[in-house]
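What you are looking at is a predicted structure, and each value in this text was computed from that prediction instead of being measured. Numbers restart at 1 for each chain; the letters A, B, ... are given by sequence-line order, proteins then strands.
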Protein chains: 2
Amino acid sequence: MSFDERKKSRVTLLDVARHANVSRATASLVLRKSPLVGSETRSRVEQAMRDLGYVYNIGAARLRVERSQIIGAIVPNLTNPFFAELLSGIEEVIGETGKVVILANSGDKVERQAMLLQRMREHGVDGVILCPAARTPPALAEEIADWGMPVVQVLRHISFDMDYVGADYAAGMHQAVDYLASLGHEKIAFAAHGPVQSAYQERVDGFRDAMLSKALDPGILIQFPTQLGEIAGATHLLFEQATRPTAVICFNHLVALGLSAGLHDCGLTIGRDLSLIGFDDVADEEAIRPKLTSVSTGPVTIGEMAARLLLERIANPDLPPRRVVNETALHIRQSCGRPA
Amino acid sequence: MSFDERKKSRVTLLDVARHANVSRATASLVLRKSPLVGSETRSRVEQAMRDLGYVYNIGAARLRVERSQIIGAIVPNLTNPFFAELLSGIEEVIGETGKVVILANSGDKVERQAMLLQRMREHGVDGVILCPAARTPPALAEEIADWGMPVVQVLRHISFDMDYVGADYAAGMHQAVDYLASLGHEKIAFAAHGPVQSAYQERVDGFRDAMLSKALDPGILIQFPTQLGEIAGATHLLFEQATRPTAVICFNHLVALGLSAGLHDCGLTIGRDLSLIGFDDVADEEAIRPKLTSVSTGPVTIGEMAARLLLERIANPDLPPRRVVNETALHIRQSCGRPA
DNA sequence: CCTCCTACTTAGATCGATCTAAAATGTTTC
DNA sequence: GAAACATTTTAGATCGATCTAAGTAGGAGG
């Protein structure tokens with residue numbers, strides 16, 4: 001890169017074209033790997049690009065073409081490793097196609113989510129992967145449809161008219177309950193947490209349903225604090241129920257981590273004094289002792305599937321809405337035993 | 001939104017202007033909240049925008065103005081909660097300014113990182129927050145400077161000519177070593193992990209330095225596997241050293257989690273049979289039992305500071321390069337005791 | 001009545017790519 | 001040698017905003 005060339009704030013396609021003695025149009029064709037240009041011309045232009053240090057300006061291109069190569073991802077909480085894994089899957093698949101992911105954190109706030117969607121619209125994203133904030137009105141789906149913006153819901157859903165990718169929470173609950181029942185447990189609690197949204201509801205309903213199908217009492221449902229740090233301290237809630245549970249199924253990995261710590265603090269041995277089943281099976285759960293028996297929902301996979309679904313939706317907007325539900329798997333480790 | 005208006009693929013500023021009986025220029029001034037337009041005109045234009053459902057097209061604007069309102073963030077590993085927290089801090093600060101964050105995962109691969117930087121350049125990002133992949137050649141810094149791209153290094157650094165935000169790893173190591181020494185430990189191991197990069201080196205050097213200043217042997221340096229799942233299984237490495245350590249300082253929270261689990265598996269009691277100090281103090285460490293004494297580096301804060309530094313750098317490219325080093329704090333909990 | 005000033009408003013060029021429709025070039029066919 | 005054809009190349013309009021430089025209107029001052 002010579003001195004003069006660096007002075008120019010930006011090397012444009014026109015500069016490249018002039019340097020290679022062709023027109024702007026031809027240079028553009030080379031850029032887009034069109035078979036129309038002759039091979040000698042092509043290499044001359046490519047050399048010119050290298051000589052001048054040309055950088056493609058996607059922004060300029062997208063003014064003409066209807067494609068920004070940007071995908072949005074909105075999650076309710078970034079610090080939760082579960083969502084980090086989800087994002088990782090999304091970024092992986094989107095990145096492979098040469099597109100780019102805009103990341104945003106709704107903090108589970110509906111207004112903030114609306115603002116972020118607006119911002120993404122202004123950036124002309126090709127589509128959005130959205131984990132809807134709790135209490136998102138279903139009308140949002142219609143609004144989004146009006147905008148003509150391709151959106152895939154992940155993990156939570158607010159509408160059946162929009163693509164959705166999630167896990168089979170109900171089946172996961174059945175796996176957990178069936179396993180505990182097979183060990184002889186009858187008093188099984190569900191340790192819930194966080195705001196109510198579709199995934200929450202599905203887990204609770206799945207739990208109820210599974211318990212009833214085993215003719216067990218589905219009524220032990222305990223609400224734990226939202227913050228990880230406070231969950232351990234709230235462990236006593238488990239023992240303040242009308243019937244004291246012999247096993248607990250956790251809403252997610254945060255509850256599992258918290259209770260695992262809290263039970264230890266109470267001097268109880270997990271798996272002997274009380275059985276514990278986690279949900280989501282994030283990497284950390286492998287590192288707790290005793291190792292946590294857990295229902296895995298596969299956040300990375302869900303992220304990948306959501307990304308793929310979105311790409312298909314963008315390519316073909318008239319597809320009917322689809323629902324993809326990832327299978328859950330019960331990973332049996334060491335946190336469950338027979339009831340005392 | 002009426003039928004005809006929806007048919008038009010996009011409502012432009014010109015449409016708004018016509019609808020409000022003003023020129024495109026005036027509408028643009030309203031958009032940018034210029035004090036030049038009369039209040040009556042302003043509200044007429046604003047009403048027109050609402051009537052037509054106008055959406056600002058940042059992409060078009062940025063073709064004229066040198067500002068894309070996009071910031072890039074490149075991290076080596078998204079699934080590591082430490083980086084997720086970092087990102088959370090970045091997104092928070094950047095989001096407040098109305099800008100947007102493009103997220104990318106280098107997988108700690110230099111070539112992939114180069115490709116991502118290129119892609120971000122094509123998207124015309126206003127700046128990038130980069131946690132350089134291990135083995136990134138220092139020449140990259142010059143290349144970036146040639147591009148004229150504002151970049152802030154986080155957590156790891158490859159050049160002194162580029163802004164940098166990190167933690168005071170050396171001080172953190174001193175805190176950890178001093179604390180253990182005060183408890184009477186003399187055989188202290190450093191449990192390392194992952195590829196060598198500046199943050200790695202600083203921790204190792206800090207450890208050495210701290211040990212030497214206490215006249216202790218700084219030579220017990222053990223390399224653990226990269227994957228969390230494999231660390232626990234490698235715990236035995238601790239006991240295969242020439243001198244068996246009575247305390248271990250962990251490279252990061254992954255090693256701490258892994259060893260905490262591994263020691264439990266060996267039937268050892270942490271804090272009594274062996275003292276353990278974590279590093280990074282991610283939220284999870286609160287949930288391990290016994291609670292982990294840990295050096296906190298504050299990833300969220302570092303992310304916030306990096307974002308602020310980048311914004312300043314963008315506003316004022318001629319600032320001399322700055323280095324911001326976040327203080328570390330030793331959080332004393334329950335994982336350390338006197339040597340057996 | 002003319003000049004000057006203030007407060008708005010606007011026409012038209014511009015950013016850097018793509019796309020259409022047409023032109024230039026070279027080859028083959030009759 | 002002209003017509004027909006395939007292969008490359010190109011001029012110029014276009015996308016949707018911003019910016020410059022110039023315009024209009026209305027009032028104050030002389």
Side-chain angles (χ1 to χ4, degrees), chain A residues 5 8-46 48-49 52-70 98 118-119 121-126, chain B residues 5 8-46 48-49 52-70 98 119 121-126 148:
Chain A
E5 280 147 1
K8 282 216 55 178
S9 59
R10 203 192 234 289
V11 178
T12 80
L13 203 46
L14 187 55
D15 300 326
V16 170
R18 277 202 273 255
H19 191 264
N21 271 314
V22 296
S23 71
R24 204 161 69 261
T26 303
S28 175
L29 288 175
V30 172
L31 212 52
R32 285 172 289 148
K33 312 211 186 309
S34 157
L36 286 179
V37 300
S39 61
E40 198 273 333
T41 312
R42 150 162 294 121
S43 57
R44 213 169 61 241
V45 173
E46 282 169 346
M49 291 184 176
L52 301 182
Y54 172 73
V55 177
Y56 183 53
N57 185 334
I58 296 188
R62 103 175 184 228
L63 201 51
R64 282 271 11 207
V65 166
E66 250 339 283
R67 197 68 24 124
S68 68
Q69 309 284 30
I70 302 179
Q118 178 64 15
R119 194 176 287 172
R121 226 146 75 88
E122 295 181 346
H123 276 279
V125 294
D126 293 338
Chain B
E5 280 148 3
K8 282 217 54 180
S9 59
R10 201 191 237 288
V11 177
T12 79
L13 203 47
L14 186 55
D15 300 327
V16 170
R18 276 203 275 256
H19 192 265
N21 272 312
V22 295
S23 71
R24 203 162 70 260
T26 303
S28 175
L29 288 175
V30 171
L31 212 52
R32 285 173 288 148
K33 312 213 187 310
S34 157
L36 286 179
V37 301
S39 61
E40 198 273 333
T41 313
R42 151 163 293 123
S43 57
R44 213 168 64 240
V45 173
E46 282 169 346
M49 289 184 178
L52 301 182
Y54 172 72
V55 177
Y56 183 54
N57 185 335
I58 297 188
R62 102 174 187 230
L63 200 50
R64 280 269 15 205
V65 166
E66 250 338 284
R67 196 70 19 127
S68 68
Q69 308 284 32
I70 303 178
R119 194 177 285 172
R121 226 146 76 88
E122 294 181 348
H123 277 278
V125 294
D126 294 336

>> So, does Arg32(A) get its side chain near the phosphate of dC19(C), meaning an N or O under 4.0 Å from OP1 or OP2?
In response: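 So the side-chain polar atoms of Arg32(A) do come within 4.0 Å of the phosphate oxygens OP1 or OP2 of dC19(C), strictly under.
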> Any side-chain N or O of Ser28(B) under 4.0 Å from OP1/OP2 of dT18(D)?
Replying inline: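 Result: yes.
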Rounded to the nearest angstrom, tell me the gap between atom [atom1] in [X] and atom [atom2] in [N].
X: Tyr56(B); N: dG16(D); atom1: OH; atom2: C1'; value: 10 Å
X: Asn57(B); N: dT18(D); atom1: CG; atom2: P; value: 9 Å
X: Arg18(B); N: dG16(D); atom1: CZ; atom2: P; value: 11 Å
X: Glu122(A); N: dG16(D); atom1: CD; atom2: P; value: 15 Å
X: Gln69(A); N: dA17(C); atom1: CD; atom2: P; value: 15 Å
X: Glu66(A); N: dC15(D); atom1: CD; atom2: C1'; value: 9 Å
X: Ile58(A); N: dT18(C); atom1: CD1; atom2: P; value: 10 Å
X: Leu63(A); N: dT14(D); atom1: CG; atom2: P; value: 13 Å

> Is it true that a side-chain atom of Arg42(B) and a backbone atom of Ser34(B) form a donor plus acceptor pair closer than 3.5 Å?
Replying inline: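 Here the side-chain-to-backbone pair exists.
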> Side chains of Arg10(B) and Asp15(B): does their closest heavy-atom pair fall under 4.5 Å?
Replying inline: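 When only atoms from C-beta onward are counted, Asp15(B) and Arg10(B) do not touch, as no gap falls below 4.5 Å.
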> Does a side-chain heavy-atom distance below 4.5 Å link Arg44(B) with Val30(B)?
Replying inline: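 Sidechains of Val30(B) and Arg44(B): no contact.
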> Under the criterion side chain to side chain contact (heavy atoms under 4.5 Å, CB included), which of Leu13(B), Asn21(B), Val22(B) is the partner of Val45(B)?
Replying inline: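 Only one of Leu13(B), Asn21(B), Val22(B) forms a side chain to side chain contact (heavy atoms under 4.5 Å, CB included) with Val45(B), namely Val22(B).
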> Got a second to check how far Thr41(B)'s OG1 is from Leu36(B)'s CG, nearest 0.5 Å?
Replying inline: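 The OG1 atom of Thr41(B) sits 11.5 Å away from the CG atom of Leu36(B).
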>> Distance check, rounded to the nearest 0.5 Å: His123(B) atom NE2 versus Arg62(A) atom CZ?
In response: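 That separation rounds to 8.5 Å.
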> When you look at Arg24(B) and Ser28(B), which way does the side chain to side chain contact (heavy atoms under 4.5 Å, CB included) test go after all the steps?
Replying inline: CA-CA 6 Å; Arg24(B) 203 162 70 260; Ser28(B) 175; 6.0 Å; no
> What string of B, S and - do you get for nucleotides 8-13 of chain D, 5' to 3', if B is base contact, S is sugar-phosphate-only contact and - is no contact with any protein heavy atom under 4.0 Å?
Replying inline: BBBBBB
> If you count the non-hydrogen atoms of other residues, nucleotides and ligands that lie under 6.0 Å from CD in Glu66(B), is the total more than 12?
Replying inline: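 Atom CD in Glu66(B) is not crowded, with 12 or fewer foreign heavy atoms closer than 6.0 Å.
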> Just wondering, more than 12 heavy atoms not from Glu40(B) lying within 6.0 Å of its CD?
Replying inline: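 More than 12 within 6.0 Å, yes.
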> Ala61(B) near the nucleic acid: base, sugar-phosphate alone, or nothing, with a heavy-atom cut-off under 4.0 Å?
Replying inline: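 Sugar-phosphate contact only - Ala61(B) comes under 4.0 Å of backbone atoms but never of a base.
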>> How bent is the helix from dC1(C)-dG30(D) to dC30(C)-dG1(D), measuring the angle between the end axes built from five pairs each, rounded to 10°?
In response: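 One end's axis against the other's: 60°.
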